Amino acid sequence: MHPEVVSDKSGDCSKCGMTLEQNPAWVAPSAGKTIYTCPMHPEIEQDHPGDCPKCGMRLEPKTIAAEPHDDAGIRSLSLKFWIALVLTIPVLLIAMGDWLGLNLKAVLPGNVSRWIEFVLTTPVVLWAGSLFFARGWKSLVNRSLNMFTLIMVGVGAAYFYSAVAVLFPQIFPASFRQGGEVGLYFEAAAVITVLVLMGQLLEAKARSRTGQAIKSLLGLAAKTAHRVRGGQEEDVPVDEIQKGDQLRVRPGEKVPLDGVILEGKSNVDESMLTGEPVPVSKSAGDKVIGTTVNQTGSFLMRAEKVGSETLLAQIVHMVSEAQRSRAPIQKLADTVAGYFVPAVILSAILTFMVWALWGPAPALAYALVNAVSVLIIACPCALGLASPMSIMVGVGRAAQAGILIKNAEAIERTEKVTHLVTDKTGTLTVGKPKVTSIVAATGMDENQLLQLAASLEQPSEHPLARAIVDSAKERGIQMAAVEGFESITGGGVQGKVQGESVLVGKKKFLRDAGVSIADNLGQQAHALQEKAQTVVWLARGNQAVGLLGIADPIKDTTREAIESLHGLGIKVIMCTGDNRKTAEAVARELGIDEVKSEVMPQDKHDVVKQLKSQGAIVAMAGDGINDAPALAAADVGVAMGAGTDVAIQSAGITLVKGDLMGIARAFHLSRAVMRNIRQNLFFAFFYNAVGIPIAAGVLYPFIRLLLNPMIAGAAMSFSSVSVVGNALRLRKTNL
């Protein structure tokens, strides 16, 4: 809750007293000191253990490592809880035995029962509960009243009042006595201490699960790699790999680091980072990501990113920062909490005064019990946990689905988005031209046509030429020898294939060369153009023999993603530099709401600003340097993982896999997280609004109902546990 509190050792936040948590940042063992932070106030950071100065909770280590974390704090809480529980049971039986038909006070002679209660309760309160008093005192010293302030005052009042009654009963006036004895409240002090310890233990265990998503990612990292040097292969730790090293990856092995394939091909399972279960085909020239799993073939790769530069390291760092950030909605809870504790203490004082003056005999005893109940039930821990727990779990769930969220503010803004502005190439489409149609003239089949075109295009580096050659290779077509190859700028290419003159290029290029074109081919070319396909003509001799339709294929998930976005009430606007006809054809096919074509990079920025000026909440999706200004200007920027670093830095959300479905999932998740936060805040506010008046005794004049301090303690503890439990439901959110 206080990220400025940093520590390299386990301990409590010096501001709020919460246990410092590890920050899920991937740090090598030699990376330096561990930083400790408060789970409720992530701005609290320090390099040694301690308590949060704001809420009194124990500071927890920021760094989550792949190896099991030392749960010393949880073990300590568990030990204190069980010992305190064993000691408290006899105290409870002595004090409440009459209700169970066990009149133990009558069996034990004289004041023995009172002394037994005192002896058993003392270690429970002063040893097991000492952390509450330490944190409560620190809150007074730091002038930051919190839940432990209330526990310290409430439990301390019940215990020390009872202890004085046992040690010095003669100092109490008759108004404090009932049946000749001063009432004891050891059972209340002991039971409240046990219940608060149990709540803290359950919270600590639940919070430890919030980092499981990151721990599971860290556990995916390969430990060793097969390095190839001078034709020799050796196994070395991944930490020793340098940029440029060549690595052999065999079937079933993890890809050690981020890099590019030099030779070989395979199918790679990237689901652990992208959330997509379908393996991706990889061959020479393709990039591979560390921690993904090679499935079918062996390949040789070159390491391009090591250490903190790898995608896994960046994911862990981004998730870490996001989990410690604070959503704007948390300001409401912070503002309320700032006034809440002093208001509760004032309410407890007023409760004591009212019952002392007008309560039934013994009035002062009733006054003390009800004041303690008010202090205990009003602990604002649930209020402080409401937002941080939901953010931590939600960001971790997003990371498992390949969605990296920059900060909590991005989650809150994403929920309110009304318009999505998206690029076409690489976002809606694959971003790689592909032959999608082959039209052969009479006497020529598709494979013959493709062989002629691919053979002639082999020497060319033009993207359309690469698409033609790749299509022929996919069909297993053997290339023919080419003579006299010549590239005509703005027209096409020409040469001799198998002794015949062949031309490949634009229609005008063929016309200028005196090639005859049949009318039916012209009609089919027009039909392909209407489908947003680029037409490449092919002529052999002086006769056109066919044409190829080349397009940037729409991603398989794009249609479903747009339907999902429309279901959320979001208007989709395509903003692309492509020509109008191509852009409109894609928009019609996908059901996109609005198209802005032939735009320059600065125009995308202007489109975003114009929509915002009209009151729209705008999300912008892009992957290139030219998209960075628009990403920064948008209310929410969404960068594709395959995009440039500057685009990713400008965005609030990054998709590991550049896929529009990831955007739809991010929007669904943001709504789930914000709904969860509002539920938690409602529980916390409603609980205190109802609990405090009942604890103060407002129902006593009507139905003779008073809230026992033990019941108040149980309610307070379980309110915090319920908030954490509700937040943990986000781990199972269906995206």
Side-chain angles (χ1 to χ4, degrees), residues 283-286 425 429-553 577-583 585-586 598:
S283 58
D286 290 335
T425 304
T429 63
V430 174
K432 186 177 181 180
K434 185 177 182 180
V435 175
T436 54
S437 301
I438 302 177
V439 179
T442 304
M444 174 81 68
D445 66 28
E446 290 186 359
N447 284 349
Q448 285 179 307
L449 184 71
L450 190 56
Q451 182 190 39
L452 283 176
S455 298
L456 188 58
E457 291 282 17
Q458 274 192 95
S460 175
E461 293 299 327
H462 193 281
L464 298 184
R466 292 296 90 206
I468 294 172
V469 173
D470 289 343
S471 180
K473 289 180 178 178
E474 288 175 5
R475 293 189 177 209
I477 296 174
Q478 295 295 321
M479 308 297 176
V482 177
E483 298 176 0
F485 173 83
E486 185 179 359
S487 176
I488 310 301
T489 303
V493 294
Q494 61 185 17
K496 286 189 176 183
V497 180
Q498 296 175 338
E500 291 187 281
S501 177
V502 177
L503 286 77
V504 178
K506 295 180 179 179
K507 184 177 182 180
K508 183 178 183 300
F509 175 55
L510 271 64
R511 288 283 194 194
D512 293 344
V515 172
S516 175
I517 299 176
D519 291 341
N520 66 321
L521 281 179
Q523 293 170 0
Q524 293 186 68
H526 180 72
L528 293 179
Q529 289 172 334
E530 288 295 318
K531 296 179 181 178
Q533 296 184 29
T534 299
V535 175
V536 176
W537 292 81
L538 182 77
R540 184 171 58 184
N542 62 354
Q543 183 69 39
V545 293
L547 48 89
L548 304 173
I550 300 177
D552 185 1
D578 282 354
N579 65 75
R580 181 177 59 82
K581 181 177 285 188
T582 300
V586 172
E598 301 177 6

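As the structure is a prediction and not an experimental result, all values here were calculated from the model.
- To the nearest 0.5 Å, the span separating OG on Ser487 from CD on Glu457 amounts to 8.5 Å.
- Contact annotation: the side chain of Val469 approaches that of Lys473 to within less than 4.5 Å [non-hydrogen atoms, C-beta and beyond].
- With a 4.5 Å cut-off on side-chain heavy atoms, Leu510 and Lys507 do not count as touching.
- Across Gly549 and Gln533, no two heavy atoms sit closer than the pair CA-OE1, 3.4 Å.
- In this structure, the side chains of Leu528 and Gln524 stay at 4.5 Å or more apart for every pair of heavy atoms.
- In this structure, Leu449 and Leu548 have side chains that are in contact, with non-hydrogen atoms separated by less than 4.5 Å.
- Here the CD atom belonging to Gln458 is positioned 10.0 Å from the CZ atom belonging to Phe485, to the nearest 0.5 angstrom.
- Between the OG atom of Ser455 and the NZ atom of Lys496 there is a distance of 16.0 Å, given to the nearest 0.5 Å.
- The shortest side-chain heavy-atom distance between Ile468 and Ile550 falls under the 4.5 Å cut-off.
- The two atoms that bring Pro433 and Ala467 nearest to each other are O-CB, 3.4 Å, heavy atoms only.
- When every heavy atom of Ala544 is checked against every heavy atom of Val515, the shortest pair comes out as N-CG1, 3.4 Å.
- Pairing each heavy atom of Trp537 with each of Ile517, the nearest pair is CZ3-CG2, 3.5 Å.
- Formation of a donor-acceptor pair under 3.5 Å by the Arg540 side chain with backbone atoms of Leu503 is not found in this model.
- By the 4.5 Å heavy-atom criterion applied to side chains, Leu538 and Met444 are not counted as neighbours.
- Atom CE of Met479 sits about 11.5 Å away from atom CG of Leu456, to the nearest 0.5 Å.
- The shortest side-chain heavy-atom distance between Leu450 and Ser471 falls under the 4.5 Å cut-off.
- Considering all non-hydrogen atoms of both residues, Ala525 and Val535 come closest at O-CG2, 3.6 Å.
- A donor-acceptor pair is defined here as one N or O able to donate and one able to accept, closer than 3.5 Å; such a pair exists between the side chain of Asp286 and the backbone of Ser283.
- Using a 4.5 Å cut-off on side-chain heavy atoms (C-beta onward), Ile438 and Arg475 make contact.
- Remark: Gln543 CD to Leu521 CG distance equals 8.5 Å, nearest 0.5 Å.
- At least one donor-acceptor pair under 3.5 Å links the side chain of Gln451 to the backbone N or O of Gln478.
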